[in-house]
Amino acid sequence: MSAIEPSDLPTASLLRTYSAGTGYADCFVAEVPGATPLAAFVEAFYTSPLFKVERAILRALAARPSTDEQARDLATGARTTFAAWGVEDRQSDQLLLADFTGRTRSWLMVEPFEATAGARGTRLYFGSAVVPRKNKRTGAESMGLAFHALQGFHKLYSRLLLRSARARLLARS
């Protein structure tokens, strides 16, 4: 497997709810050697240099500041909010966050696997979902022009975020 690949959502994914219907959901996967608990992945993801840029933007444009300590607390379950997100659901192997507008979801999951020659590894999953807007007058659902215009950037950025978190985990091992 190359470093980051698009993937189908695992059957037990908390993001699966958002993959049906008129909304959008994606999933990317990477692998690391050894056992990686969810808390380590979540912390590496939200404290990566690339995600810190997003955190700075959220602080400046949306008045949603965050710290590395808050990211660690989110990772361990000691807090249920972080920057622009709140925990929607959590299991021992995955975390689903909803943004403060209720339109987007971010999801992280770890899955152990057996590699060649009995070596163990962990699959790192990252996905997003976007819920369509409902026109109050007509009742029609739409993803909106901005969603379509930014979809290519979003997919690239998602891959880069997962790559950045994976690199942090590899540097720690």
Side-chain angles (χ1 to χ4, degrees), residues 1-16 18-19 24-59 64 66-99 104-130 150-173:
M1 168 184 283
S2 68
I4 309 298
E5 295 287 338
S7 174
D8 291 334
L9 286 167
T11 304
S13 167
L14 295 173
L15 195 63
R16 190 166 282 288
Y18 298 100
S19 67
Y24 168 85
D26 62 25
C27 178
F28 297 92
V29 64
E31 294 179 353
V32 292
T36 300
L38 178 64
F41 177 35
V42 171
E43 180 181 348
F45 188 92
Y46 289 115
T47 62
S48 70
L50 182 58
F51 199 83
K52 285 184 180 187
V53 173
E54 183 171 339
R55 286 171 41 191
I57 292 167
L58 288 169
R59 180 179 58 245
R64 302 282 179 166
S66 59
T67 65
D68 286 356
E69 182 178 347
Q70 290 171 336
R72 281 189 288 279
D73 288 347
L74 174 72
T76 63
R79 72 179 297 124
T80 59
T81 60
F82 175 72
W85 296 274
V87 173
E88 182 172 311
D89 202 350
R90 179 190 293 266
Q91 294 180 0
S92 62
D93 63 344
Q94 56 187 309
L95 175 66
L96 179 63
L97 302 169
D99 82 328
T104 65
R105 305 295 185 275
S106 294
W107 165 79
L108 297 103
M109 179 176 164
V110 294
E111 177 183 66
F113 71 95
E114 190 170 323
T116 58
R120 304 286 297 161
T122 304
R123 287 190 184 93
L124 310 171
Y125 291 95
F126 170 60
S128 302
V130 181
L150 296 173
Q151 192 171 8
F153 170 77
H154 166 78
K155 288 179 180 181
L156 173 63
Y157 183 57
S158 293
R159 291 173 91 117
L160 293 172
L161 284 171
L162 185 52
R163 177 175 287 132
S164 186
R166 180 180 182 267
R168 285 182 60 80
L169 291 168
L170 291 172
R172 293 179 183 173
S173 57

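At a threshold of 4.5 Å between non-hydrogen side-chain atoms, the residues Asp93 and Glu111 do not count as touching. By the 4.5 Å heavy-atom criterion applied to side chains, Trp107 and Leu9 are counted as neighbours. Side-chain contact between Leu124 and Val110 is present, with heavy atoms from C-beta onward closer than 4.5 Å. Looking only at side-chain heavy atoms (C-beta outward), Tyr157 and Ser128 stay at 4.5 Å or farther from each other. Counting heavy atoms from C-beta outward, Leu97 and Tyr46 have side chains that approach closer than 4.5 Å. The side-chain heavy atoms of Ser164 and Phe51, taken from C-beta on, include no pair separated by under 4.5 Å. Side-chain contact between Glu54 and Leu58 is present, with at least one heavy-atom pair separated by less than 4.5 Å.
The distance from atom CD of Glu43 to atom OG1 of Thr76, rounded to the nearest 0.5 Å, is 8.5 Å. To the nearest 0.5 Å, atoms CZ (Arg163) and CG (Leu161) are separated by 11.0 Å. Note: Met109 CE to Ser92 OG = 9.5 Å, rounded to the nearest 0.5 Å. Separating the OG1 atom in Thr67 from the CZ atom in Arg72 is a distance of 7.5 Å, to the nearest 0.5 Å. Summarising the geometry, atom CG belonging to Asp26 is positioned 12.0 Å from atom CG belonging to Asp8; distances are rounded to the nearest 0.5 Å. Note that OG1 of Thr80 is 11.0 Å distant from CG of Asp73, once rounded to the nearest 0.5 Å.
Using cut-offs of 30° and 60° for the angle between ring planes, the His154 and Tyr24 rings count as perpendicular. Phe41 and Phe45 have perpendicular rings, their planes meeting at more than 60° on a 0 to 90° scale where under 30° would count as parallel.
Side chains of Arg55 and Ser66: a donor-acceptor N/O pair is present below 3.5 angstrom, by distance only.
Here the closest non-hydrogen pair linking Ser48 and Arg168 is CA-CD, 3.3 Å. Residue Arg172 comes nearest to Ala40 through the heavy atom pair NH1-O, 4.2 Å, listed as atom of the first residue, atom of the second, then distance. Of all heavy-atom pairs between Glu88 and Ala98, the closest is OE1-CB, 3.5 Å. Phe28 and Pro6 make their closest contact through CD2-CA, 3.7 Å (heavy atoms, listed as atom of the first residue, atom of the second, distance). Minimum interatomic distance between Arg159 and Ile4 (heavy atoms only, all atoms of both residues): NH2-O, 3.0 Å.
The number of heavy-atom neighbours closer than 6.0 Å to CZ of Arg120, taken from other residues, nucleotides and ligands shown, is above 12. By the neighbour-count criterion of 12 heavy atoms within 6.0 Å, atom CD of Gln91 is densely surrounded, having more than that number from other residues, nucleotides or ligands.
Partner of Arg90 under the side-chain contact (heavy atoms from CB on, under 4.5 Å) criterion, chosen from Leu14, Leu74, Val42: Leu74.
With Arg16 contributing its side chain and Thr11 its backbone, the two residues share a donor-acceptor pair below 3.5 Å. Judged by distance alone, the side chain of Thr122 and the main-chain N or O of Gly34 form a donor-acceptor pair under 3.5 Å. Judged purely by atom type and a 3.5 angstrom limit, Asp99 uses its side chain to pair as donor or acceptor with the backbone of Thr104. In this structure, the side chain of Arg105 does not engage the main chain of Leu96 through any donor-acceptor pair within 3.5 Å.
Both tests hold for Arg123 against Phe113: distance to the six-membered ring centre under 6.0 Å, angle to the ring axis within 45°.
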